[in-house]
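What follows is a single structure, written as C-alpha cells, with notes after it.
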Amino acid sequence: MIRDALQQTVREALRDADLPEPATIVLDVPKQRDHGDFSTPVALQLAKQVGAKPRDIAERIRAAIDANAQAFIERVEIAGPGFLNFFLAPVWLSDTLRDVVLAGSGFGHNDSLAGQHINLEFVSANPTGPLHAGGGRWVAMGDAIANLLASQGADVHREYYLNDAGSQLDIFGASLYARYRGEPPPDDGYRGEYLVEMAGRLRAELGDDVTEEAAREWGYHDIVRQLREDLERIGVHFDTWFSERLLHSRGDVEDVLRQLGELNVTYEHDGATWLRTTDFGDARDRVLIRSNGTSTYLANDLAYHRDKLRRGFTHLIDIWGADHHGQVKSLQSGMHALGYGTDDVPEPEVILGQLVRLLRGGQEVRMSKRAGDIITLEDILDEVDPDVARMTFLLQGIDSQQTFDLDVVTAQSMENPVYYVQYAHARVASIARRAAEAGIERRAVDTIDLSVLRHEREEALLRALSTFPEVVADSAAGRAPQKMSTWVRDFAREFHGFYRDCRVISDDDMLTQARLWLSEASRIGLANALALLGVNAPDEMARLDDDEDEDEDEDETAPAQ
RNA sequence: GCGCCCGUAGCUCAGCCCGGAUAGAGCGACAGACUUCUAAUCUGUUGGUCGCAGGUUCGAAUCCUGCCGGGCGCGCCA
C-alpha cells in the first residue's frame, strides 16, 4: 500500500541522487506526530559509506524526491541528526479507509504463503487425563498461530498426536484398573481423582468383569472423548487426531529404522542401536532401539514426522512445552539423517512454549497428572468465558513464562481486555442499529467525501488501521499472537476515543456517511483481528448491573427480605 | 558443568527478530467527565538506573561478551 509506494519513491530518489541503495529501506511510523506520517533514517545509515554528513545526504535525497513530486507526499522534512520525515497528503487516509472496506473480511490477509501446506501440531497432551489449565496456552496459541498462517495464504492443517502406544498409557490403564477394583493406584501411577469417577462409569458401562486391557482401552477412548469436548468448548478443531499406534501397526517405525540402517547413520553399542545425531548437529548420539528390542520415542517420532511429509506437507511446525527443548535437536538431526532439512523440505520447525505457572490462593499449584491435584482447562472454562481464557493466554509472548493466577483471572474476568475490545465492536454494531432506526442508509463508499474525516481522533483511528496488515504479517512470521492482541487492544482504545469525541449520527449528512464508513472500517479491523485470535466479535454486550462491584456474590445469595 | 527461555513503572506485561528522535499499555493510587450512538467508556496526574558491567555504533531496552538472579532441561522415560 502506501508504504510500498514510499519505499519506491525513496529508492528512486537514492538512484537519482547517485547514492547507494541499502537492501531494505527502513520506514517507521514515528511516535511523535510532528515527525510526520512516516520517517526513514536512510541518510544516517549511508553517512559512513558515503563519507558525508547525514543532513547533507538527507538534503540530496529530499531534492531528488521534490524533483519528482508525488501527489501523495505533501512535504518532506529533515529533522534531528538527519531523519527524513514524510508528511502525506490527507488523501492517503481516505484511501486507506476505502481499501479496508473493499477488502472486508480479507483485510489483513495476503497470499505470501500461498502454495504452502503447513502441518501444525499442537497440544498433543498424553491421553491419560484431562487437559490441564496450562495446556490452555497451547490450545489458544496453536489455534491463533494456525489462523495467522492461514491469513498469509498457507493451507494449514491442525493436528493432534496421540501417544497411545507407550508406557504412559499402560500406567494409566493400570491406575484406572486399580480404581476400578477399589484399590489405590500403583506407586508410579496416576493419582488423580478423575480416575475414580471414570472407574465408576467404566463399571456402569462394561460391568464387573473387565480385564485390565479392556479398562485401559475404554479409558483411553473416554479420555480422548473428554479432550475433544474440552477443545470443542473453547472452539478449537483439529483436522487430524493421529494415533501413534498406526506407526507401529503399519510398520512405519520398522521401516524408518531400516531406512536409517541403510543410510549408515546407526551403530550398535551396549546392545542398543544408536543414531549418529552428532553428525547432524546434536550434542550426543541417541538410542533408536533399546537393548530390550523396543523402539524409543525418537524412533517413533522420526517415523511420525516422515509420515507427515509423505502426506504432502511442505512445512512442519510443532508446538512443544519448553520442558522438551532437549529433544528439538534430536528430532531435527534425525530428520536430516533421513535426508530432509533441505531447501525443498525444511527441517521441522519447533516452537517452544515456556510453561504456565498456575497460582491459586496465592500458592503455586504443581500441574502433574500423576500427582493428582490438577486444575483442568475445564475448571477454568467453568468459571470464565472461553474468550476470556483465550485472550488471557494470548496476551504475552510464548517465550516468556506465564503466571496464570486463577483467582485474579476469575475475579477480574469482567475487566479482561477481551471485553474492552469486544465492546468496541459492539459499539459499531449499536451505531449501525441506531442509524437504521433513524432511517439512515449507508451509501456506496465511493460516493462519499471521506476528506471530512479530519478530526484528530478520526485520523488516529485510520492511522492505526493502516498498520493492521503489517502487524498481521509480523505476527504470523514471528509466530507471535501477542502482537495481534496488543494491536487490537490499542486499536480498540483508538475507537473508544473516537466514539467519545466524534458523534457518528448527526444532522450533517455527509459527515454522518463518512463516519458510518469509518465505523464500518473499524469494525472490519476489530473483527478480523479477533477472528485471528479465535475470539468472538459480538454485536452487543450483555448489560452489566450498575451495582455490580458492591455485590460480591449475586449468584447464590439468600433472599434478603 | 552444559543447553534453551526470562529479567522493562508498585503489580502483570508489550516493545527486542530488523538499533533511531522524549521507553509504552493495563491494573493500582489520586483527580475529573454521563439531559449523549450502552460510562464494560473517556480525560488528566502519579510512577522506570530497561538486572549489572563492559564492547560495537553518529545512535543500544534492542546487537556482541562476561557476570548476577529466576524457570526448564541435560535417560536405553515419554
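Letters go in sequence order (proteins before strands), and every chain restarts at 1.
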(request) Using the side-chain hydrogen bond (donor to acceptor under 3.5 Å, both in side chains) rule, collect all pairs that involve residues 272-282 of chain A, keeping only residues at least two apart or in two chains. (result) A:Glu268-A:Thr273, A:Thr277-A:Asp282, A:Thr278-A:Asp285, A:Asp282-A:Arg286, A:Asp282-A:Ser330
(message) Going by salt bridge (charged side-chain N to carboxylate O under 4.0 Å, His left out), name the pairs with one or both residues in residues 385-403 of chain A, residues two or more places apart or in two chains.
(response) A:Asp143-A:Arg390
(message) Checking A:Arg33 now: which residues fulfil side-chain hydrogen bond (donor to acceptor under 3.5 Å, both in side chains) with it, not counting sequence neighbours?
(response) none
Every protein N/O within reach of nucleotides 57-60 of chain B N/O, cut-off under 3.5 Å:
unit_1, atom_1, unit_2, atom_2, d
B:C58, OP1, A:Lys48, NZ, 2.8

(message) Please enumerate all residues that pass side-chain hydrogen bond (donor to acceptor under 3.5 Å, both in side chains) together with A:Thr294, with sequence neighbours excluded.
(response) A:Arg290, A:Asn292
(request) Using the test side-chain hydrogen bond (donor to acceptor under 3.5 Å, both in side chains), find all partners of A:Asn163 that sit at least two apart in sequence or belong to another chain. (result) A:Glu244
(request) Among residues two or more places apart or on two chains, list those pairs meeting side-chain hydrogen bond (donor to acceptor under 3.5 Å, both in side chains) that have a residue in residues 497-509 of chain A. (result) A:Arg443-A:Asp509, A:Arg457-A:Asp501, A:Ser506-A:Thr512
(message) So if I define the base as every atom that isn't primed, P, OP1 or OP2, how would nucleotides 2-9 of chain B read as a B/S/- string at a heavy-atom cutoff under 4.0 Å?
(response) -BSSS---
(request) Can you sort out the partners of A:Phe495 under ring-ring contact (aromatic ring centres under 6.0 Å, His included), two or more places apart, ordered by chain and number? (result) A:Phe498
(message) Can you give me the dot-bracket string for RNA chain B, 5' to 3', counting Watson-Crick and G-U wobble pairs with both distances under 3.5 Å, using [ ] for crossing pairs and | for partners on another strand?
(response) (((((((..((((......[...))))((((((.......))))))....(((((..]....))))))))))))....
Measure all distances between protein nitrogen or oxygen atoms and nitrogen or oxygen atoms of nucleotides 24-32 of chain B, and list the pairs falling under 3.5 Å.
unit_1, atom_1, unit_2, atom_2, d
B:A25, O2', A:Arg493, NH2, 3.1

(request) Compare the minimum distances between each of B:U22, B:A14, B:C17 and the side chain of A:Asp474, then state the nucleotide with the smallest one. (result) B:C17
Using the 3.5 Å cut-off, write out each protein N or O paired with an N or O of nucleotides 74-76 of chain B and the distance between them.
unit_1, atom_1, unit_2, atom_2, d
B:G75, O5', A:Arg284, NH2, 3.1
B:C76, O3', A:Arg290, NE, 3.2
B:C76, O2, A:Ser291, N, 2.7
B:C76, O2, A:Ser291, OG, 3.0
B:C76, N3, A:Ser291, OG, 3.2
B:C76, N4, A:Asp270, O, 2.6

